[in-house]
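Working notes, structure below.
So that the names make sense, note that chain A is the first sequence line, chain B the second, and so on, each numbered from 1. Nothing here was measured: the structure is a model prediction, and the numbers come from that model.
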Amino acid sequence: MAEVYIRVAEEENEEPMEIPSEDDGTILLSTVAAQFPGACGLRFRSPVSQCMRGVRLVEGILHAPENGWGNNVYVVNYPKDNKRKMDEIDASSAVKMKRGDMKTSDLIVLGLPWKTSEQDLKDYFSTFGEVIMVQIKRDAKTGNSKGFGFVRFTEYDAQEKVVTQRHMIDGRWCDCKLPNSKQGPDEPLRSRKVFVGRCTEDMTTDDLRQFFMQYGDVTDVFIPKPFRAFAFVTFADDQVIAFLTSHLFVLISTGFSNACIVKCDDHLKMHECLWCVA
DNA sequence: GTTGAGCGTT
């Protein structure tokens with residue numbers, strides 16, 4: 001099946017927007033969410049039964065109805081499609097909006113090629129924003145790179161962009177993260193991670209990411225193996241946590257009926273928790 | 001002169 005565009009709208013009678021499918025004819029939920037933030041699925045009115053039908057969604061992938069996407073107008077589903085819910089999403093957007101004055105912190109850069117220099121790093125990251133520090137960690141004797149380093153931006157926007165994607169640097173994929181080891185005059189570490197309880201065994205990291213991305217940028221999803229009925233979701237922004245913990249009812253009453261935030265804590269506590277339960 | 005998950009000599 002070739003790539004097609006399907007018509008998607010917020011409501012049945014509204015001006016639809018065309019959204020591209022993948023090469024195999026499926027549509028990624030993330031593609032829909034890029035245009036309709038918070039979207040968790042699609043529905044359409046069956047030409048035959050005149051009833052609304054849900055589009056099959058498996059692990060973030062929307063599958064075409066039996067006779068293909070056709071000329072139907074697909075309507076966006078939001079978690080627990082009601083007004084209160086939309087207000088909550090707006091509130092989360094508000095959380096994201098007022099991060100302009102957030103302080104930046106050093107980011108660890110993992111997976112660097114051995115040959116990459118400080119200048120290489122600076123050149124690469126300067127495309128995201130003003131860089132105020134780069135470091136490559138080297139062996140004290142030989143001067144050889146240890147394959148990781150640090151970078152710091154002046155603007156928080158640049159930092160957030162950088163931690164939410166992978167980076168091709170000198171031919172290798174590298175990851176940028178908030179360092180685990182706290183060092184330097186950073187703000188007191190506030191939690192960016194939530195503990196998600198009552199998980200079911202069929203829930204995937206994609207499922208959790210798709211659900212929680214409506215509240216903020218998700219940088220990591222961890223599901224222990226073997227199955228232990230919980231997961232961790234990490235956000236780029238710690239303010240999301242404050243929002244989520246003050247709106248527990250949102251999670252319990254919407255979308256993932258099986259997911260709820262049980263508690264939030266700092267990194268170390270989380271770590272202890274992970275291992276002591278094991 | 002090697003390596004490839006991790007966590008920062010000053």
[atom1] of [X] versus [atom2] of [N]: gap in Å, rounded?
X: A/I136; N: B/dG4; atom1: CD1; atom2: P; value: 19 Å
X: A/K137; N: B/dG6; atom1: NZ; atom2: C1'; value: 14 Å
X: A/D175; N: B/dC7; atom1: CG; atom2: P; value: 14 Å
X: A/D139; N: B/dG6; atom1: CG; atom2: P; value: 21 Å
X: A/K141; N: B/dT2; atom1: NZ; atom2: C1'; value: 17 Å
X: A/K146; N: B/dG8; atom1: NZ; atom2: C1'; value: 9 Å
X: A/K115; N: B/dG4; atom1: NZ; atom2: P; value: 20 Å
X: A/R172; N: B/dG6; atom1: CZ; atom2: P; value: 14 Å

Salt bridge [X]-[Y], side-chain N to carboxylate O under 4.0 Å:
X: A/R45; Y: A/E12; answer: yes
X: A/R166; Y: A/D175; answer: yes
X: A/E155; Y: A/K161; answer: no

Of A/F150 and A/L112, the one whose closest DNA chain B nucleotide lies more 5': A/L112
Along DNA chain B (nearest heavy atom to each residue), the more 5'-positioned of A/W114 and A/I108: A/W114
Polar side-chain contact A/D106-B/dG8 base: donor and acceptor under 3.5 Å: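 Yes, the side chain and the base share a sub-3.5 Å donor-acceptor pair.
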side-chain contact (heavy atoms from CB on, under 4.5 Å), paired with A/F212, selected from A/T234, A/D207, A/V196: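 Of the listed options, the one satisfying the test is A/V196.
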Closest listed nucleotide, where the reference is the side chain of A/F148 and the choices are B/dC7, B/dG6, B/dT9: B/dG6
